[in-house]
Amino acid sequence: MYLYHYGIKELPFTLTPNTSYFFGLPSHKEAIQVLLTALSTGEGFIKVTGEVGTGKTLICRKLLNELPDYFVAAYIPNPYLTPVELRRAVANELNVVLTDHADQQEFTQRIQQRLIQIHQENKGVVLIIDEAQALPVESIEALRLITNLETESRKLLQVVLFGQPELNEKLALPELRQLRQRVTFSYSLQLMDVDQVYQYVKHRMNVAGYRGEELFNRKCCKLLFKASKGTPRIVNVLCHKSLMLAYGEGSQKITPAQVKLSIKDTEAANQASNALLVSSISVAMVMMAFSLAYFAWLRFAL
């Protein structure tokens, strides 16, 4: 790849959430602070929503890393589960063994015993669910019943829901009004502005080990912002393609022209009216860059 060309140790713009690249955007830092404050006060349900690609999963993992030691965490990343599957997933995360044909009553008894045990150790339990908008309605109701377990002073189980805006629509359903009333803290993630895009790109290059002259200048970042609307995931895609193009051309700096080609080759970065008009020239350029990059890497490896 282009690591050797730019003198970096790893790819700086992968789509896999990596907490070592956490930039600390104001919106992200506020979300973490809200979560930690709400959990410390014993709130039952906490909700964080944001559009696709705004960093929800990254914040989720950051929260898992920063939870105080007096919390026991249960994490469910893929919640498209039936009520039975959800109960078993929660039990598994808390090291609770259920029989093969465990019903609601057995689950409730065993989970309650485990939660009380953890409470007696002066610890709390937090269940963190990513992509919560995928939870079926009946599973959300099952989740509410799980959280009925409590002492006189606090909940035995706290729940943090991370989801797309569709989660708000689902919780607005009349049959989920009881759970909606239990959501005491909510936070909505915001997109980056143009200066934050510039700082974000620079930060990720530095974390990857880049120590040369500025690769993405402010003009390039202004183009990135305009195309991405400040969405981190789209910025990552565009930066990766721009680096590949520059590498294929043997350039040590990213030019606005290369950013524009990357934008044209990325459907998510185009307006709806232009989404299908991807430039054939830009596609050819990207493919050529990938080919050149591959053969350069192969020659270096041999």
Side-chain angles (χ1 to χ4, degrees), residues 34-49 56-57 60-61 63-163 167-168 170-186:
V34 166
L35 289 166
L36 292 175
T37 300
L39 289 172
S40 67
T41 56
E43 301 298 338
F45 276 89
I46 309 154
K47 173 170 61 72
V48 175
T49 56
K56 296 183 297 297
T57 299
C60 181
R61 295 186 180 180
L63 174 65
L64 285 167
N65 291 344
E66 295 191 0
L67 276 176
D69 293 337
Y70 55 81
F71 275 110
V72 174
Y75 175 50
I76 299 180
N78 301 303
Y80 188 67
L81 304 169
T82 66
V84 172
E85 292 169 337
L86 177 63
R87 288 195 289 266
R88 286 195 173 276
V90 173
N92 183 64
E93 284 291 305
L94 296 177
N95 297 317
V96 174
V97 179
L98 300 175
T99 61
D100 292 339
H101 304 289
D103 56 13
Q104 171 71 40
Q105 183 177 3
E106 178 187 339
F107 168 80
T108 301
Q109 290 175 346
R110 292 178 182 262
I111 284 291
Q112 186 168 25
Q113 290 171 359
R114 176 60 176 150
L115 294 177
I116 291 174
Q117 176 190 355
I118 295 173
H119 179 70
Q120 290 173 341
E121 297 171 357
N122 294 317
K123 293 184 177 181
V125 180
V126 54
L127 172 62
I128 300 174
I129 301 180
D130 201 4
E131 301 294 345
Q133 77 281 347
L135 274 168
V137 171
E138 58 271 21
S139 298
I140 295 178
E141 176 61 15
L143 183 63
R144 182 186 69 82
L145 295 175
I146 296 173
T147 61
N148 281 340
L149 304 174
E150 57 189 358
T151 66
E152 292 183 355
S153 59
R154 67 179 294 139
K155 294 285 185 181
L156 290 176
L157 178 67
Q158 296 172 267
V159 179
V160 179
L161 301 173
F162 287 91
L167 176 61
N168 294 326
K170 184 168 287 188
L171 294 181
L173 294 173
E175 57 267 39
L176 295 178
R177 62 187 181 280
Q178 290 191 62
L179 186 145
R180 185 172 65 252
Q181 291 173 0
R182 296 188 183 186
V183 178
T184 52
F185 277 80
S186 297

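Source: prediction; values computed, not measured. Just the heavy atoms: all of them, side chains too, but no hydrogens, waters or symmetry mates, feed the values below.
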Exercise. After noting the C-alpha distance and the side-chain angles of Ile129 and Leu143, does the key distance pass the side-chain contact (heavy atoms from CB on, under 4.5 Å) rule?
Worked result: CA-CA 11 Å; Ile129 301 180; Leu143 183 63; 3.9 Å; yes
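- In this structure, CG in Leu161 is found 6.0 Å from CG in Leu167, a value given to the nearest 0.5 Å.
- Taking CD1 of Ile128 as the start and CZ of Arg61 as the end, the distance is 12.0 Å to the nearest 0.5 Å.
- Residues satisfying the side chain to side chain donor-acceptor pair (under 3.5 Å) criterion with Ser40, sequence neighbours excluded, are absent altogether.
- Remark: the backbone N or O of Leu135 is paired with a side-chain donor or acceptor of Lys170 at under 3.5 angstrom.
- Counting only residues at least two apart or on different chains, the salt bridge (Lys or Arg N to Asp or Glu O under 4.0 Å) pairs with a member in residues 108-133 are Glu106-Arg110.
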Donor-acceptor pairs are to be reported for all side-chain atoms of residues 69-81 against protein atoms at under 3.5 Å, with residues two or more places apart or in another chain.
none

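- At a threshold of 4.0 Å, the pair Arg88-Glu85 does not count as salt-bridged, since none of the basic side-chain nitrogens sits closer than that to a carboxylate oxygen.
- Inter-residue side-chain proximity for Val125 and Leu156 is flagged as unmet; no heavy-atom pair is nearer than 4.5 Å.
- Note that the CD atom of Glu43 and the CG atom of Leu35 stand 12.0 Å from one another [nearest 0.5 Å].
- Within the 4.5 Å cutoff, the side chain of Ile46 has no heavy atoms near those of the Val126 side chain.
- In terms of modelled atom types and a separation under 3.5 Å, the side chain of Gln158 and the main chain of Leu39 share a donor-acceptor contact.
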For this session: Would you check, one step at a time, whether the test side-chain contact (heavy atoms from CB on, under 4.5 Å) holds for Glu138 with Glu141?
Result: CA-CA 5 Å; Glu138 58 271 21; Glu141 176 61 15; 5.6 Å; no
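- Between Phe162 atom CZ and Leu63 atom CG the span is 5.5 Å, to the nearest 0.5 Å.
- When the options Lys155, Arg182, Gln112 are evaluated for a side-chain hydrogen bond (donor to acceptor under 3.5 Å, both in side chains) with Asn148, the one that passes is Arg182.
- The OG1 atom of Thr184 lies 11.0 Å from the NZ atom of Lys47; values are rounded to the nearest 0.5 Å.
- Side-chain contact between Thr147 and Leu127 is absent, with no heavy atoms from C-beta onward closer than 4.5 Å.
- Minimum interatomic distance between Pro83 and Ser139 (heavy atoms only, all atoms of both residues): N-OG, 3.2 Å.
- Between the OG1 atom in Thr49 and the CG atom in Leu171 there is a gap of 10.0 Å [rounded to 0.5 Å].
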